[in-house]
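Order of the sequence lines fixes the chain letters, A, B, ..., with proteins taken first and strands second; residue numbering starts at 1 for each chain.
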2 protein chains.
Amino acid sequence: MGTTSKALSLLSYFSRAQPLIGLSDMARLSGLNKATVHRLMGELAQAGFVEQAGSGREYRLGPAVMRLAALREHAVPMRDVAAAVLRDLSDATGETAHFSLMQGQTLSTVAYAYSPLHGTRVTMEDAEVLMLHATGSGLAVLAYSPPGMADRVLAGPLAARTDQTITDAARIRAILDEIRAVGVAESVSGFEEDVHSHAAPVFNAEGVAMGAIAVAAPTARMDAQLAARIRAAVRTQALRLTAMLGGLTPPDYPKDERPRDAAQDDSRAVSLPAKG
Amino acid sequence: MGTTSKALSLLSYFSRAQPLIGLSDMARLSGLNKATVHRLMGELAQAGFVEQAGSGREYRLGPAVMRLAALREHAVPMRDVAAAVLRDLSDATGETAHFSLMQGQTLSTVAYAYSPLHGTRVTMEDAEVLMLHATGSGLAVLAYSPPGMADRVLAGPLAARTDQTITDAARIRAILDEIRAVGVAESVSGFEEDVHSHAAPVFNAEGVAMGAIAVAAPTARMDAQLAARIRAAVRTQALRLTAMLGGLTPPDYPKDERPRDAAQDDSRAVSLPAKG
DNA sequence: AACCATCGGTTCAAATAATGAACCAACCAC
DNA sequence: GTGGTTGGTTCATTATTTGAACCGATGGTT
């Protein structure tokens with residue numbers, strides 16, 4: 001790993017939960033020597049990527065990222081494009097819609113839209129990181145990533161966010177096959193309790209999944225009818241968003257939703273009917 | 001300069017005008033060896049800070065900056081805070097208001113607000129870089145930066161954006177003194193033709209200028225009355241924004257707008273009355 | 001079709017920058 | 001005081017970065 005990668009990796013330790021990180025903490029988190037971290041943070045600070053917070057001498061993300069983000073958004077107005085699609089998607093389903101993008105090894109939320117239809121809804125956080133094996137979006141992306149990708153992720157430790165998170169690699173592999181057969185992924189309470197999400201992949205110009213859009217609904221509200229409506233809508237809108245972002249939906253992506261049995265699995269249901 | 005700084009400096013060559021940069025171009029722009037640039041861009045790409053655009057193999061800013069920006073904005077909601085202040089400022093003046101922050105050696109626009117009052121208005125670009133010697137905001141910041149700062153900037157080449165840009169270092173030094181006497185900076189057509197801007201510094205917790213807010217109006221609309229209203233408003237709102245961002249307005253900052261002669265300079269007017 | 005100037009990308013010995021254990025001084029809780 | 005922190009520094013050792021030269025491919029010119 002090059003020095004630059006190390007420096008950039010330091011930035012990834014900042015999160016919503018931990019916006020301020022001290023020198024020693026950063027050294028511990030990254031596993032790098034304190035002197036090394038000090039120098040790297042110094043360089044990052046000089047470039048404005050981090051700054052030292054007023055009171056303590058802890059570091060936080062700096063203003064330079066704001067400038068770069070504005071330029072990125074101007075060059076690739078993904079967020080705006082996605083916002084329009086998400087609005088349609090949440091209108092069509094009456095539930096929360098969100099769009100997440102792969103960045104390195106993680107999936108992070110780019111935009112979301114709520115529906116005013118119900119008083120209760122699934123809420124999202126800006127820039128939330130979604131676990132690949134425990135969310136509908138993550139599974140949708142894994143199903144349509146290069147083979148090595150899923151292998152790498154499933155080889156690593158699979159943390160359980162809830163007691164319904166599936167952490168068995170073999171079972172997940174089977175689920176990925178099922179997703180590929182239908183084009184839509186599903187997760188019930190795998191990431192947050194009482195959240196049932198459906199997701200479909202969004203492809204880049206090479207036909208590889210670069211992210212996913214999803215609809216997240218309270219499990220209490222989910223039934224066969226709503227699920228069918230959501231699957232159809234998320235599928236349609238994913239195709240549309242892929243096109244709008246200049247991506248290419250691969251030829252082997254299922255052409256249209258197949259007829260499904262109305263019967264749902266029990267509460268632990270996560271997979272889609274394997275039916276081919 | 002460390003390797004990390006070199007890598008980060010590459011990111012600064014992306015701009016609104018040049019969102020896509022090829023390998024050879026980047027090597028030329030940065031003055032680094034092509035092989036070096038290739039490796040650094042590779043590391044930046046791996047971390048998601050840049051990506052290679054679909055068609056050519058040129059680079060552009062990547063999705064990672066979006067995520068970091070969302071976290072930064074969550075930790076330090078400057079943009080939101082500034083947006084409210086700018087709204088008030090543009091309402092009070094009927095003209096375009098904007099807020100810019102120092103990042104390294106340059107001043108870049110963070111947020112702006114338009115007034116619906118007039119059909120013609122000064123328009124802003126996201127993340128625009130403002131020249132320190134040629135804009136009201138830049139002069140306001142220079143006037144309230146550590147002494148070395150102005151020396152460094154004025155020692156370098158002072159480019160003329162328009163034929164009314166002041167490029168004489170001695171003259172600018174005199175103008176900075178005048179700004180310090182009144183607390184508000186002014187620039188007429190120094191950056192864009194037919195734009196008259198007034199600016200006031202925004203201070204950080206150490207009492208050093210970290211940026212400026214400004215009101216930009218078409219020169220055709222500027223008269224003594226409007227100028228007086230703008231000066232008062234930009235001053236008030238700068239004090240307010242400094243407070244809201246946890247900054248400290250230094251004790252020697254002029255307490256209130258002094259009575260001024262109604263007489264304006266001729267068209268080349270840029271300085272404020274030196275009166276002390 | 002030959003030519004020339006690009007382009008992005010690669011190679012490898014030489015040069016340079018990164019590294020980390022040990023060491024500060026300052027701060028805080030006890 | 002004492003012990004365990006903190007952020008920050010030093011410098012000999014080590015490993016990474018560097019850049020001239022070199023690819024093959026592409027695209028325009030003659």
So salt bridge (charged side-chain N to carboxylate O under 4.0 Å, His left out) across residues 239-249 of chain A, not counting sequence neighbours, yields A/D88-A/R240
Atom-to-atom span, CZ of B/R39 to C1' of D/dG19 - whole angstrom = 11 Å
Sequence neighbours excluded, which residues qualify as salt bridge (charged side-chain N to carboxylate O under 4.0 Å, His left out) partners of B/R72?
-> A/E51
Whole-Å distance between D/dG7 C1' and A/Q52 CD?
-> 9 Å
Name all pairs fulfilling the side chain to side chain donor-acceptor pair (under 3.5 Å) condition that reach into residues 32-44 of chain B, sequence neighbours left out, sorted by first residue then second.
-> A/S5-B/E43
To the nearest Å, give me how far apart CG (B/L10) and P (D/dT18) are.
-> 10 Å
Locate the shortest heavy-atom distance separating A/A150 from A/L142; write the atom from each residue and the value.
-> CA-CD2, 4.0 Å
Contact span of DNA chain C against chain B, any nucleotide atom under 4.0 Å from a heavy atom, 5' to 3', runs C/dC7 to C/dA18
Provide the full list of salt bridge (charged side-chain N to carboxylate O under 4.0 Å, His left out) pairs with a residue in residues 1-11 of chain A, sequence neighbours left out, each pair given once.
-> none
OH of A/Y59 versus P of D/dG7: gap in Å, rounded?
-> 8 Å
Taking side-chain hydrogen bond (donor to acceptor under 3.5 Å, both in side chains) as the test, write out the residues that go with A/R161, two or more places apart.
-> A/E192
Verify the contact: side-chain N or O of A/H38 to OP1 or OP2 of D/dT9, cut-off strictly under 4.0 Å; return yes or no.
-> yes
Note: A/R180 and A/A143 closest approach over all heavy atoms is NH1-O, 2.7 Å
Between protein and nucleic acid, restricted to nucleotides 25-29 of chain D and to nitrogen or oxygen atoms under 3.5 Å apart, what atom pairs and distances do you find?
none

Nearest-angstrom distance from the residue atom CD of A/E58 to P of D/dG8 = 11 Å
Is there any salt bridge (charged side-chain N to carboxylate O under 4.0 Å, His left out) pair reaching into residues 8-27 of chain A, and which pairs are they, with sequence neighbours excluded?
-> A/R16-A/E125, A/D25-A/R28
Nearest atoms (heavy-atom pairs only) where B/G190 meets B/T165 | O-OG1, 2.6 Å
Mark yes or no for a side-chain to base donor-acceptor pair under 3.5 Å between B/K34 and D/dG19, with no hydrogen or angle criteria applied.
-> no
Give the angle between the helix axes at the two ends of the helix from C/dA1-D/dT30 to C/dC30-D/dG1, taking five base pairs at each end and rounding to 10°.
-> 40°
Could you pull out the closest heavy-atom pair between A/F191 and A/V129, with the gap in Å?
-> CZ-O, 3.7 Å
When you match A/N33 and B/N33 each to their closest nucleotide on DNA chain C, which lands nearer the 5' end?
-> B/N33
Residues 144-155 of chain B vs salt bridge (charged side-chain N to carboxylate O under 4.0 Å, His left out), sequence neighbours excluded, gives B/D151-B/R173
Side-chain N,O (A/T3) to OP1/OP2 (D/dT16) below 4.0 Å | no
Closest approach of A/L8 and B/A47, non-hydrogen atoms and distance?
-> CD1-CB, 3.6 Å
Return the residues of residues 12-31 of chain A meeting this criterion: a heavy atom under 4.0 Å from some atom of DNA chain D. Order them by number, or give none.
-> A/G22, A/L23, A/S24, A/R28
Round to a whole Å and report the spacing from CG of B/L32 to P of D/dG19.
-> 7 Å
Closest contact, heavy atoms only, B/I179 versus B/L139 | CD1-CB, 3.6 Å
Mind checking ring pair (Phe, Tyr, Trp, His ring centres under 6.0 Å) for A/F203 and listing every partner two or more places apart, or none if nothing turns up?
-> A/Y144, A/Y253
